[in-house]
Each structure stands twice: as C-alpha cells, then as structure tokens.
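Here is the structure we will look at, set down as structure tokens.
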2 protein chains.
Amino acid sequence: MARVGLTTERLARAGAELADEVGFAQVTVSALAKRFDVKVASLYSHVKNSHDLKTKIALLALEELADRGAAALAGRAGKDALAAFANVYRDYAREHPGRYAAAQLRLDPEAAAASAGGRHAQMTRAILRGYDLAEPDQTHAVRLLGSVFHGYVSLELGGGFSHSAPDTQETWSRIIDALDALLRNWPTA
Amino acid sequence: MARVGLTTERLARAGAELADEVGFAQVTVSALAKRFDVKVASLYSHVKNSHDLKTKIALLALEELADRGAAALAGRAGKDALAAFANVYRDYAREHPGRYAAAQLRLDPEAAAASAGGRHAQMTRAILRGYDLAEPDQTHAVRLLGSVFHGYVSLELGGGFSHSAPDTQETWSRIIDALDALLRNWPTA
DNA sequence: ACGACTTGCCTAAAGGCTTTAGGTAACTGC
DNA sequence: GCAGTTACCTAAAGCCTTTAGGCAAGTCGT
C-alpha cells in the first residue's frame with residue numbers, strides 16, 4: 001500500500017492537465033483516480049465531491065490567467081497593453097483549452113469571492129487608464145472588453161470561425177485595432 | 001401499456017424545456033423519460049444516445065434563435081437592425097437559458113452543416129449592409145459582432161456582471177451604441 | 001372484420017461514475 | 001518503539017447509459 005502523496009493541490013493540478021487532454025466536461029473523480037493509480041474513494045479525503053474538484057480547477061485556471069495578465073500588463077500602456085492582455089486570453093485558451101473551459105465554470109458566490117475574478121476586472125480597468133474614459137463609461141468599456149475577449153476566444157475554440165477565409169489571426173489583430181479605435185473615440189451618450 | 005406517442009421531435013422539444021428548467025448540463029435521457037412517465041430504454045428508439053439528444057436540442061435552439069433573428073431584421077436597417085438583432089440574442093438567452101447553453105454545444109461537422117449556423121452568419125452580414133464595409137473587413141466585423149453578442153450574453157448569464165453598478169441594461173445599450181459608432185467608423189488597415 | 005406485420009414501449013442486465021461508511025497499514029512524534 | 005493520526009483501501013448503494021430481446025398496441029391487406 002505505497003502512499004502516493006495526494007493533496008488537494010496536486011489533485012487540482014492533475015485535474016487541470018486532464019482537462020486540457022480530454023476536455024473539462026470529461027474530468028471526473030474516477031478518471032483522476034486512475035491517473036494517480038489509486039482507488040476512487042481515496043480522492044474523497046482531499047476533495048468534497050465532483051463539483052468541488054471542478055471548482056478547484058476553475059480557481060487554478062483563473063489564478064494562472066490573472067498571473068499571465070499581470071505579467072503582460074507590466075510596463076505597457078495604451079494599445080500595447082490592450083493587445084498584450086487580449087493575447088493572454090487567446091493564447092491561454094489555445095494552449096490550455098480545458099483550463100479555459102474550467103475558468104468559465106459558474107462559481108457559487110463564496111468561490112467567486114475567493115477567486116481571481118477581481119484581479120481580472122482590475123486589470124481590464126487598468127488598461128483603460130491609457131484611454132480617456134470616466135465612469136460610468138469606464139465600466140461599460142470594461143464589460144465590452146470582457147465580452148469581446150471571452151466571446152471571440154470561445155467562438156474560435158468552439159470552431160465557430162473554422163475553415164473560412166480570412167484566417168483568424170488576421171481577424172484577431174483587426175479586432176484589437178477596432179477596439180483601440182473605439183476606446184479612443186468612445187461615443188458620448 | 002398505453003402509448004405516449006414519443007417522437008424525436010417531441011423529445012427534443014421536451015428536452016429544451018427541461019434544459020430551461022434545470023440547466024442544459026442536467027438534461028439526461030433518464031430525466032426526460034421521467035417527464036414522459038416512460039421507461040428510460042424507450043427513448044433509445046427515438047434518439048441514438050445522450051449526445052445525440054443534446055445535439056438535437058442544440059439544433060432546435062439554433063433554429064429558434066435564427067427564426068427570431070430573421071423576424072427582428074425584417075424591415076429594419078442600420079443601427080435599428082443592429083440593436084434589434086442584438087436584443088434577440090440577449091432576450092433569448094434570458095428567456096431560455098438552457099436552450100441558449102445548448103446552442104453553444106460544439107457540434108460535429110455533420111451536425112454543424114445541417115444547423116442554422118449559416119443563417120446566423122448570413123443575418124449578421126445582412127446587418128452590415130447598413131454600414132460601408134468591404135471584404136475582408138466585413139468578415140472581421142461579422143466575427144466581432146458574434147463575439148460581442150455571445151460574450152456579453154454568456155458573461156451576463158453566468159453572473160459575471162452581477163451586483164455591480166451600473167446596471168446591465170444600461171451597459172448593453174451603450175455597447176450597442178459603441179458598436180454602431182465603430183461600424184460607422186471602422187479603422188482602415 | 002380479422003389475421004399479419006410493424007413498431008412502440010417494456011423488462012432485464014451489464015457497466016460506469018459518485019458518494020458514504022468503516023477498516024487497515026503506513027507515516028509522525030514523544 | 002509505541003500511540004496516535006492519516007492516507008489509502010474494501011464494500012456497498014444509488015443513479016445514469018446503453019444494449020438485447022419480448023409483448024402488446026397500432027396499421028394494413030384482404
């Protein structure tokens with residue numbers, strides 16, 4: 001009965017890898033147990049239940065994404081910051097589709113409060129420092145940026161833009177150009 | 001052994017209702033059988049398997065959404081058309097969250113080809129007739145609009161904007177204003 | 001109207017995932 | 001080296017999926 005050394009942390013990390021390999025929806029307590037070559041019941045000492053496991057993976061992904069965002073924003077401003085931050089989302093989703101899907105999990109209020117969600121909002125707001133927007137337009141713009149990033153990435157990942165010219169990289173660049181132009185010229189009510 | 005009169009069609013329709021009530025992820029062959037007061041195995045004459053059922057619900061939702069979109073676009077142009085079409089997505093998602101989630105299901109190529117996906121793209125392109133955009137910018141714009149609509153709606157539905165001022169209706173209106181302004185003034189490469 | 005065919009719904013059964021209860025063996029520290 | 005903790009185990013119940021095979025309720029030809 002050799003001990004494997006399970007921890008909540010290691011389970012979440014392995015769950016994230018599993019998600020990237022087989023899809024977040026296919027992440028299961030059972031599959032994770034197989035990956036550690038351990039009986040299923042053993043995981044229940046480290047994780048409350050299946051939903052708890054998924055939540056932990058989601059929190060991990062949000063954390064990673066926020067870290068990457070912060071790194072990208074450091075020392076950048078204006079359109080440069082906008083583009084770098086946008087690319088963080090897109091690249092992360094392409095490198096880690098399962099984790100990105102996990103980050104979209106609807107969290108209960110408690111988990112949401114403990115998540116890196118706030119950091120994401122703060123960073124988006126920081127990008128807008130390079131543009132001249134007062135409240136409430138700033139909040140509207142934060143929400144727009146969040147919508148575009150998330151919407152584009154999830155449509156692209158889901159194959160919504162597949163096999164049609166022009167290629168998605170080109171579109172992505174032009175969308176960032178367009179957002180930059182829009183933020184510099186935000187219509188007043 | 002009274003016959004209930006199951007059909008693929010009725011199953012998809014009832015599945016869509018079930019999705020709106022308990023969430024698309026909770027739609028299960030088993031739950032659907034209970035709803036018809038019929039044994040689970042009976043459904044397998046009308047539906048290949050669980051995934052097939054979900055696909056049929058997704059196709060139904062895409063169809064409904066396209067129908068609403070077409071109705072909204074009839075007799076409208078420019079910003080008027082843009083706003084009406086955008087509201088179709090948002091309203092549909094709010095009225096039918098389960099169906100909307102179903103519409104996001106990643107379809108295999110065969111199902112995707114048979115879906116109303118093409119109609120959606122065509123309608124978005126039709127909206128752009130009110131603006132002066134040549135290819136390839138038109139395609140970029142189609143993708144941007146799709147991203148914003150889907151991204152905003154799914155973030156709002158997921159509670160991403162909850163409990164923070166200003167309210168989401170206000171943001172939604174201002175985002176449509178912003179998109180209109182952007183399309184009238186699309187930045188040239 | 002009645003027999004034959006079709007088919008809609010059934011029972012039975014196997015396999016997988018989740019979750020809980022309770023046991024045993026491996027580490028930890030005095 | 002012993003006591004206590006804890007990591008992992010076995011066992012079992014419950015629910016969902018899916019397939020195989022059966023009977024009765026419809027439908028159709030004559």
Side-chain angles (χ1 to χ4, degrees), chain A residues 1-60 98-99 101-102 105-108 110-111, chain B residues 1-60 98-99 101-102 105-108 110-111:
Chain A
M1 271 184 196
R3 294 195 179 189
V4 183
L6 300 181
T7 51
T8 303
E9 175 74 17
R10 287 189 65 198
L11 288 182
R13 211 163 287 285
E17 284 168 26
L18 186 59
D20 286 336
E21 289 166 25
V22 305
F24 185 57
Q26 276 65 52
V27 171
T28 184
V29 181
S30 191
L32 204 50
K34 283 195 191 87
R35 168 163 295 226
F36 281 101
D37 201 33
V38 140
K39 297 297 170 183
V40 192
S42 307
L43 299 206
Y44 282 83
S45 314
H46 305 279
V47 142
K48 270 210 290 294
N49 51 40
S50 183
H51 182 257
D52 181 41
L53 170 64
K54 285 181 178 147
T55 298
K56 280 172 173 38
I57 296 172
L59 293 176
L60 174 70
R99 283 160 151 99
L105 184 69
R106 185 171 185 157
L107 299 172
D108 39 290
E110 187 196 7
Chain B
M1 273 186 198
R3 297 196 178 188
V4 183
L6 300 181
T7 51
T8 301
E9 175 74 17
R10 286 190 66 196
L11 289 182
R13 211 163 286 286
E17 283 168 27
L18 185 60
D20 285 337
E21 289 165 24
V22 304
F24 184 57
Q26 277 66 53
V27 171
T28 185
V29 180
S30 193
L32 204 50
K34 283 196 192 85
R35 170 163 291 228
F36 281 100
D37 202 31
V38 140
K39 297 297 170 181
V40 192
S42 307
L43 300 206
Y44 282 83
S45 314
H46 306 279
V47 142
K48 268 208 290 294
N49 50 40
S50 185
H51 182 258
D52 181 41
L53 169 65
K54 285 181 178 149
T55 298
K56 280 171 171 39
I57 297 172
L59 293 175
L60 174 70
R99 283 161 151 97
L105 184 69
R106 184 170 184 158
L107 300 172
D108 40 289
E110 188 196 5

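Chain identifiers are assigned alphabetically (A, B, ...) following the order of the sequence lines, protein sequences preceding nucleic acid strands; residue numbering begins at 1 within each chain.
Contacts between residues 17-25 of chain A and DNA chain D, defined by a heavy-atom separation below 4.0 Å, involve no residue at all. Against DNA chain C, the stretch residues 9-16 of chain B makes no heavy-atom approach under 4.0 Å.
Between B/F24 and B/A101, the shortest heavy-atom distance links the atoms CB-CB, 3.9 Å. Across all their heavy atoms, A/L6 and A/L11 have their closest contact at CD2-CD2, 4.3 Å. Shortest non-hydrogen contact noted between B/A102 and B/A58 is O-CB, 3.2 Å.
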Taking only N/O atoms, report every protein-nucleotides 5-7 of chain C pair under 3.5 Å with atom names and distance.
residue: C/dT7; atom: O2; partner: B/R3; partner atom: NH2; Å: 3.3

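Shown here are the side-chain contact (heavy atoms from CB on, under 4.5 Å) partners of A/A111, two or more places apart in sequence or in another chain: A/T55, A/L107, A/D108. Applying the side-chain contact (heavy atoms from CB on, under 4.5 Å) criterion to A/R35, with sequence neighbours excluded, gives A/A14, A/E17, A/L18, A/E21, A/L32. Among residues two or more places apart in sequence or in another chain, the side-chain hydrogen bond (donor to acceptor under 3.5 Å, both in side chains) test is passed with B/Q26 by none. With sequence neighbours excluded, the residues satisfying side-chain hydrogen bond (donor to acceptor under 3.5 Å, both in side chains) with B/R13 are B/E9. In this view, B/A16 and B/I57, B/L60, B/R99 satisfy the side-chain contact (heavy atoms from CB on, under 4.5 Å) rule, not counting sequence neighbours.
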### Task
Encode nucleotides 16-21 of chain C as B, S and - characters from 5' to 3', where the letter depends on protein heavy atoms closer than 4.0 Å: B to the base, S only to sugar-phosphate, - to neither.
-SSBB-
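Distance, B/F36 CZ to C/dG8 P: 14 Å, rounded to whole Å. When the P atom of D/dC16 is taken as reference, atom NZ of B/K54 falls 12 Å away, rounded to whole Å.
Each side chain to side chain donor-acceptor pair (under 3.5 Å) pair with one or both residues in residues 36-53 of chain A, not counting sequence neighbours, appears once here: A/D52-A/K56.
Among the nucleotides C/dC9, D/dC9, C/dC10, the one closest to the side chain of B/K39 is C/dC10. Of the listed nucleotides (D/dA7, D/dC9, C/dC9), D/dC9 has the atom at the smallest distance from the side chain of A/S42.
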